[in-house]
> 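Just dropping this structure here.
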Amino acid sequence: MQDDTLNGFTGFARKNQAQFQYSRDQEEIQAAAEIAFEDSSLAAIPVMDRRWAWMEVNLEAVAHNVVEAKRFLRPGVKLMAVVKADAYGHGAIECAQKALASGAEQLGVATVDEALALRDAGISAPILILAEPPVTAAPLLLAKHITPSVYTAEFALAYAEEADKHNMKAPFHLALNTGMNRIGVRAEDVIAFEQQINFHRALVQEGTFTHFATADSTDTIDFNSQVRRFINAISALRTAGIDPGIVHAANSAALFRYADVQFDMVRLGIAMYGCHPCEQTRGMVDLWPAMEIRARITDVKTVPMSEGVSYGLHYRSPGSVKICTVPLGYADGLNRSLSGKWDFILQGQLVRQVGTICMDQCMFEVDMRSFGSRVRLDPHVGDVVTIVGRDGDAATSLTDMARVIGTIDYEVACNFSRRLPRVYR
Ligand SMILES: *Cc1c(COP(=O)(O)O)cnc(C)c1O
């Protein structure tokens, strides 16, 4: 090589020559990195300095919603905080702890692993799995004091045998099917079912419950028929001398709409996270949304008129806008079918998401013209954008987002993936 420099960069020009740093072998490079960067200082780089997109969970909102729900409860009625599906995406451990500190007595989950995660976090409150798990998981249930729902004799007896082997009891809640036809013993078969299992000395019926299919709908005929079947089944148990234990049926919608189906406990899910289970409850209770999604702008540019943006180039720039990028995409739970149909909030103003939402990133436009009383925005790399939530006078909700996609807020909430860091406040 006749010249030691290439474009003025000496290191670049010399990188193939043995005496310079760029040719050090891999081991030396690793050793240098270990000296330069200690694990403890690397771990101290906060999550929001590693990724410019995150979920904010306001635990004070969770506490407020639990307290609001409790105002509807008759004296002595227990509250179960339903924290399945990672607390509808909000983080099961944090939400469970907050709910218990705010007056919830029990926790509801969907799977054995969800229950184990709560136990591993040191939570000792009663946990009910709202379905019958595989019987092969019985040792885990017994060891960690996790209560299963039961509706098959096979499960009940195998679970009871496992408990009896260790001189333990096998507590369970009996699931009754009163009309939803998802799981449970048919209400009219409850006595026949009990006769199949109740000879076993280890079984302890700690509760009996059902689940409503239409607690959130304006029509009440089917709801009332489920209530009637449930009450009849509970009376049949009592008449037969069987203690049903804690009787429960109500979800969020039923809690707010029907005062007479509280029985001994209600199961609070969606409302705890600040979403209304249906339109009717809006005027009844003041719920605070707990989840907000935010990101920081990673790129700002003017795109000449008629040039396209993102995969497919389905959006064309009108020329008078700046296109901003945020590092958040459908892999984070920002549903791709929102493409071009959703507004973010920048500095208190709605700005339209444009172009196809990608796996890890998406774009929005900022109109650079000033008109009316509108303040002209001046977006910069690093500015915070609200994807869902409140910023100044503007706010968007999970419910709005669900409506655009054609689903329910439950699904939108729990689809925000674990890749998005959760920030609690
Ligand atoms: C999810 C669930 C709930 C909670 O319902 P919300 O509508 O979110 O209040 C209650 N009970 C059962 C059996 C459930 O599966």
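For the single chain, residues carry numbers from 1 onward in sequence order. Read the numbers this way: they start at 1 and go in the same order the structure lists the ligands and their atoms.
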> Nearest heavy atom to atom 5 (O) of ligand 1 wins, so pick from V82, N251, I183.
N251

> Just which atoms of ligand 1 are under 4.0 Å from any heavy atom in K84?
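So the atoms of ligand 1 that pass are 1 (C), 2 (C), 3 (C), 14 (C), 15 (O).
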
> Mind running ring-ring contact (aromatic ring centres under 6.0 Å, His included) on Y258 and F223 for me, showing each step along the way?
CA-CA 10 Å; Y258 303 100; F223 179 81; 3.9 Å; yes

> Could you list the atoms of ligand 1 found under 4.0 angstrom from a heavy atom of I270?
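By the 4.0 Å cutoff, the relevant atoms are 6 (P), 8 (O), 9 (O).
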
> Quick check: does G269 get an N/O under 3.5 Å from an N/O on ligand 1?
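There is such a contact, yes.
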
> Please state which protein non-hydrogen atom is closest to atom 13 (C) of ligand 1 and give its distance, to 0.1 Å?
H211 ND1, 3.5 Å

> Starting from the C-alpha separation in whole Å, work towards a yes-or-no answer on side chain to side chain donor-acceptor pair (under 3.5 Å) for H211 and Q226.
CA-CA 9 Å; H211 192 50; Q226 280 198 265; over 6 Å; no

> Return the CZ to CG distance between R182 and N177, rounded to the nearest 0.5 Å.
10.5 Å

> For a salt bridge (Lys or Arg N to Asp or Glu O under 4.0 Å) check, start with the C-alpha distance between E56 and R294, then their side-chain angles and the critical distance, and finish with the verdict.
CA-CA 8 Å; E56 287 175 29; R294 295 193 215 281; 2.9 Å; yes

> Could you tell me, atom by atom, which parts of ligand 1 come under 4.0 Å of a heavy atom of R267?
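Counting atoms of ligand 1 from 1, those under 4.0 Å from R267 are 9 (O), 10 (C), 11 (N), 12 (C), 13 (C).
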
> In ligand 1, which numbered atoms sit nearer than 4.0 Å to a non-hydrogen atom of Y88?
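Counting atoms of ligand 1 from 1, those under 4.0 Å from Y88 are 1 (C), 4 (C), 5 (O), 6 (P), 8 (O).
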
> Take the angle between the ring planes of F209 and H248 and call it parallel below 30°, perpendicular above 60°, tilted in between.
parallel

> Could you check atom 7 (O) of ligand 1 against the protein and tell me its nearest heavy-atom contact, residue, atom and distance included?
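Heavy-atom neighbour on the protein nearest atom 7 (O) of ligand 1: Y410 OH, 2.7 Å.
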
> Is the closest heavy atom of R182 to ligand 1 under 4.0 Å?
yes

> Taking distance alone, with N or O pairs closer than 3.5 Å, would you say A271 contacts ligand 1?
no

> Run the side chain to side chain donor-acceptor pair (under 3.5 Å) check on S217 and D219 step by step: do they pass?
CA-CA 5 Å; S217 80; D219 193 279; 5.6 Å; no

> Could you label the plane-to-plane angle of the F263 and F230 rings as parallel, tilted or perpendicular, counting under 30° as parallel and over 60° as perpendicular?
perpendicular

> How close does the nearest protein non-hydrogen atom get to atom 9 (O) of ligand 1, and which residue and atom is it?
S252 OG, 2.5 Å

> Does atom CG (D39) have a neighbourhood of more than 12 heavy atoms from anything else shown, all under 6.0 Å?
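Result for CG/D39: open.
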
